[in-house]
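Just so you know, these numbers use all the heavy atoms, side chains as well, and skip hydrogens, waters and symmetry mates.
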Amino acid sequence: MEDLIAERDKWKSLSRENEKGRKANADKARKYDELLAQKERDEQTWQERAEKAEAALAANTKQRERDNLAKKIVEGTDVPADLLVGDTEEEMRAHLDRLQSFRGPKQTVPPAAPASVVANADAAPANKVQQLTQADLKNMSPAQIRDADAKGQLDELKGIRK
């Protein structure tokens, strides 16, 4: 009988040890499953980030190529490249043509007439300087305006009476 009791106690002890091992294995298996799930979430997050970065890079590259093409198209014109609309060369060239036709021919500022031509003997005495008008100033460059001011041709516009 003692042998049976000893055998029973032996098997109880082995069963308890086996139970502890099973619990430890179950905890390890649960932790392993959690780690695998976290790894999958991390991989998905990194994949989404990579896709977003690639999309942003592609958009940036496309915009840079479009800007370079626009600069090439407006080269030799006085139209700013950022005014062009379109994504293809044909669209941009067509828009450039529309912009140029809307503006009309390029206006050039004629040089200021010499004082001898500007001075009209019938209109002003010989000792009085011919005064310019605001309309005259619109057709003059800044340097020409400074010269006219130095000659006294802007005195009436500035409110100076002689």
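The pair Lys71-Glu75 does not count as a salt bridge, with every side-chain nitrogen at least 4.0 angstrom from each carboxylate oxygen.
Checking side-chain atoms of Glu91 against main-chain N and O of Thr88 turns up a donor-acceptor pair under 3.5 Å. With hydrogens and angles disregarded, a donor-acceptor distance shorter than 3.5 Å links the side chain of Arg66 to the backbone of Gly86. Here the side chain of Ser13 pairs no donor or acceptor atom with the backbone of Asp9 at under 3.5 angstrom.
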Could you walk me through whether Gln131 and Leu157 pass the side-chain contact (heavy atoms from CB on, under 4.5 Å) test, one step at a time? CA-CA 8 Å; Gln131 295 295 304; Leu157 285 176; over 6 Å; no

Between Gln153 and Asp136, is the side-chain contact (heavy atoms from CB on, under 4.5 Å) condition met? List the steps. CA-CA 11 Å; Gln153 293 177 306; Asp136 295 328; over 6 Å; no

Arg93 vs Glu89, test: salt bridge (charged side-chain N to carboxylate O under 4.0 Å, His left out). Steps then yes/no. CA-CA 6 Å; Arg93 288 200 185 278; Glu89 185 172 355; 3.0 Å; yes

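Hydrophobic cluster membership is shared by Leu69 and Leu83, with clusters built from Ile, Leu, Val, Met, Phe, Trp and Tyr side chains linked at under 4.5 angstrom.
One finds the CD atom of Gln144 at 10.5 Å from the CG atom of Leu132 (value rounded to the nearest 0.5 Å). Residue Phe102 holds its CZ atom at 10.5 Å from NE2 of His95, rounded to the nearest 0.5 Å.
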Table please: side-chain donor-acceptor pairs of residues 22-33 below 3.5 Å, with sequence neighbours left out.
residue : atom : partner : partner atom : Å
Arg22   : NH2  : Glu19   : OE1          : 2.0
Asn25   : ND2  : Gly21   : O            : 3.3
Arg30   : NH1  : Glu34   : OE2          : 3.3

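For Leu14, the side chain to side chain contact (heavy atoms under 4.5 Å, CB included) partners two or more places apart in sequence, or in a different chain, are Lys10, Trp11, Glu17.
By the neighbour-count criterion of 12 heavy atoms within 6.0 Å, atom CD of Gln134 is sparsely surrounded, having that number or fewer from other residues, nucleotides or ligands.
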